[in-house]
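All of these numbers come straight from a predicted model, not from anything done at the bench.
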Amino acid sequence: MDFSVAPPQQITREFLAVVLAGFGNELVPLTGDSGNQPSPKALLPISNKPMIEYVLSWIEQSGIQEVLLICPSSHRSSVSHFIHSDSTTASGLLHIDLQTFDGSQGLSVGTCSVLKHFSSCIKGDFVLLPCDFIPPPSLPLSKLLNKFRTETMSDGAITTALWFEPPAEKTAVPEEWGPHSQSTPIIWDHSTGTLLYVDTLSTDHNPEELDIRMSLLSRYPRASLSSRFQDSHVYVCKREVLDLLQLKMKFDSLREDFFPWLCKLQHQKTRSTKYGDIFGDPKPAVPIFPEEERETPSATRSLRVGLLIHRVEEGFCIRANNLPSYLETNRHFVNDAVFTLPTDPQRRALIDAKASISSDSTIGDFTKVDERATIKKSVIGKHCVIGKIVKIVGCILLDHCTIADGAKLEGSVLGKNTTVGSKAELVRCVTQGGYEVKENETYKNEKLDTSDWGAGTDDQLDEGSDSDDSAEYV
């Protein structure tokens with residue numbers, strides 16, 4: 001994928017893609033700083049490719065060319081280097097405007113706050129995406145865009161959201177890693193594709209009860225209810241969504257605050273009239289077929305929330321926004337991988353002929369594998385060194401890891417530049433970048449943070465790792 005800085009001339013586009021790349025608190029310690037170097041969530045590899053590249057490729061394939069990429073200030077250098085590198089795999093051209101947001105990893109920053117802060121950069125309709133969404137090949141972004149185009153012209157719908165049915169949890173991880181992503185109860189009208197209700201995670205809310213108004217059931221008597229789906233955090237929005245966010249300053253989270261509120265407007269006539277009137281007579285600028293002049297009058301704004309649901313049988317789809325889902329995503333791609341030795345003689349020589357590497361493993365460029373090493377169902381990054389008689393099963397090793405002779409790794413995720421001493425053993429562990437496991441040490445079911453070397457305690461590892469929806473941005 002070829003990226004370039006947005007050109008100085010103004011080019012009118014139908015949609016702007018707004019990509020949020022936060023700290024990734026629920027991926028700690030992988031996203032903890034490695035020495036003085038940050039470890040941006042957006043650049044964490046999935047099958048040896050930065051996770052953000054999956055969503056950028058998805059955007060590019062839809063025909064969108066303009067991207068507003070927002071990341072923390074401390075990540076700017078690393079993300080900018082990625083944008084201007086030649087190592088990406090897709091073709092074409094995206095114009096990326098990289099903007100930064102000040103904050104700290106211990107402080108959650110909600111998506112609504114970020115959007116309000118950068119509203120001046122968003123001149124028209126936009127599609128909002130997280131950097132951690134892994135779309136299925138069977139679902140082009142253009143399908144969601146077309147639904148939005150149709151509905152905004154037919155009844156003035158203000159936004160269209162994508163929800164998905166997650167794959168079955170195949171990977172067992174220890175409790176210390178944190179929970180799998182939880183599904184959220186929603187209610188929708190199948191005939192019109194309208195999202196009617198989104199449950200919240202408020203502390204005073206009984207998870208076994210839903211507070212549903214009779215006005216909703218009266219208007220949509222055949223509405224569907226399910227708790228199987230998850231929010232992709234992919235939304236196609238009219239520019240007026242930003243105006244609504246400015247009106248309601250209390251909004252912080254899109255999923256927890258804004259969308260539950262917006263859904264209520266669809267069946268509360270008084271509120272719908274109140275907020276619908278602020279837009280006046282909407283005049284959508286882009287018809288379904290841009291080459292044709294649209295002569296029909298504009299639809300009245302309905303503030304309706306369109307919904308597209310992707311079911312699990314239609315293809316693998318996930319957000320890699322926490323440790324269990326990150327491991328699950330890598331293993332999904334490993335199952336589809338076919339290992340072949342490098343054709344370049346210099347690189348081929350780095351893998352010993354007596355090493356055993358299963359066909360469902362991925363080995364990064366310039367990685368050295370010594371004799372009698374065994375690698376199964378694993379992703380090994382670039383420039384790693386795997387010693388003699390090492391056994392690696394079901395693991396993910398980021399770039400520049402060193403595994404000394406006789407070490408054993410099982411079901412673990414190792415951050416960049418992790419070193420494992422000879423005959424050490426890690427079972428279902430995850431390490432911060434730069435962590436050093438001494439020889440003969442054994443760890444099971446742990447997060448290994450470099451703060452462990454000092455006065456830090458295990459309890460400190462979890463500070464700032466809130467339930468995911470402040471993690472919309474973080």
Side-chain angles (χ1 to χ4, degrees), residues 26 46-47 51 54-55 57-59 61-62 111 127-148 151 159-173 177-201 207-208 210 212 220 222-236 253-256 259-260 262-263 305-336 467-469 471-472:
E26 292 200 358
I46 293 177
S47 191
M51 67 166 64
Y54 291 89
V55 74
S57 296
W58 199 45
I59 292 169
Q61 291 164 10
S62 75
T111 302
V127 53
L128 181 68
L129 311 100
C131 70
D132 54 35
F133 181 64
I134 309 301
S138 60
L139 179 62
L141 179 57
S142 57
K143 182 177 181 179
L144 186 66
L145 298 177
N146 287 337
K147 178 176 174 62
F148 173 83
E151 294 180 347
T159 184
T160 302
L162 171 64
W163 285 64
F164 67 95
E165 186 177 8
E169 297 174 2
K170 300 179 181 179
T171 304
V173 298
W177 285 32
H180 287 263
S181 299
Q182 295 184 351
S183 298
T184 302
I186 60 172
I187 297 175
W188 75 98
D189 181 59
H190 180 75
S191 61
T192 60
T194 301
L195 182 63
L196 303 173
Y197 173 90
V198 179
D199 199 28
T200 63
L201 302 176
E208 297 181 357
L210 296 180
I212 303 172
Y220 300 96
R222 296 186 178 181
S224 300
L225 165 67
S226 178
S227 59
R228 298 199 311 270
F229 302 107
Q230 294 179 8
D231 188 359
S232 70
H233 290 257
V234 178
Y235 316 109
V236 190
S253 160
L254 281 178
R255 187 182 69 189
E256 286 295 298
F259 275 99
L262 189 58
C263 286
V305 181
L307 176 66
L308 179 65
I309 289 181
H310 178 81
R311 298 183 181 274
V312 66
E313 61 267 20
E314 297 171 339
F316 180 86
C317 181
I318 199 169
R319 281 193 69 197
N321 59 339
N322 55 44
L323 292 173
S325 62
Y326 179 73
L327 179 61
E328 185 71 43
T329 306
N330 274 277
R331 287 188 173 176
H332 166 77
F333 284 100
V334 161
N335 290 336
D336 292 342
S467 63
D468 182 86
D469 201 82
E472 291 174 351

Short side-chain to backbone donor-acceptor contact, [X] and [Y], under 3.5 Å:
X      : Y      : answer
Ser226 : Arg228 : yes
Ser138 : Glu314 : yes
Thr160 : Gly306 : no
His310 : Gly315 : yes

Item to check | Qualifying residues under ring-ring contact (aromatic ring centres under 6.0 Å, His included), relative to Tyr220, sequence neighbours excluded | outcome: none
Checklist entry - Can you say whether the rings of Phe333 and Tyr54 are parallel (under 30°), tilted (30 to 60°) or perpendicular (over 60°)? => result tilted
Item to check | Whether Trp188 and Phe229 hold their rings parallel, tilted or perpendicular, with breakpoints at 30° and 60° | outcome: perpendicular
Taking every non-hydrogen atom, the tightest pair across [X] and [Y]:
X      : Y      : answer
Thr159 : Val236 : OG1-O, 2.8 Å
Pro324 : Gly178 : CG-O, 3.5 Å
Glu165 : Val312 : OE1-N, 3.3 Å
Leu307 : Leu195 : CB-N, 3.9 Å
Phe164 : Arg319 : CZ-N, 4.0 Å
Ser62  : Ser142 : CB-N, 4.1 Å

Checklist entry - What's the verdict on side-chain contact (heavy atoms from CB on, under 4.5 Å) for Leu144 and Val234, showing C-alpha distance, side-chain angles and the deciding distance? => result CA-CA 9 Å; Leu144 186 66; Val234 178; 3.7 Å; yes
Item to check | side-chain contact (heavy atoms from CB on, under 4.5 Å) evaluation trace for Val305 with Val198 | outcome: CA-CA 11 Å; Val305 181; Val198 179; over 6 Å; no
Next on the checklist: With heavy-atom distances below 4.5 Å as the criterion, would you say the side chains of Tyr326 and Ile46 are in contact?
Outcome noted: yes
Next on the checklist: Under the criterion side-chain contact (heavy atoms from CB on, under 4.5 Å), I'd like the reasoning laid out for Phe148 against Val127: C-alpha separation, chi angles, the key distance, then a yes or no.
Outcome noted: CA-CA 10 Å; Phe148 173 83; Val127 53; over 6 Å; no
Item to check | side chain to side chain donor-acceptor pair (under 3.5 Å) evaluation trace for Asp231 with Thr184 | outcome: CA-CA 8 Å; Asp231 188 359; Thr184 302; over 6 Å; no
Checklist entry - Atom OG1 of Thr329 and atom CD1 of Ile134: how far apart are they, to the nearest 0.5 Å? => result 6.0 Å
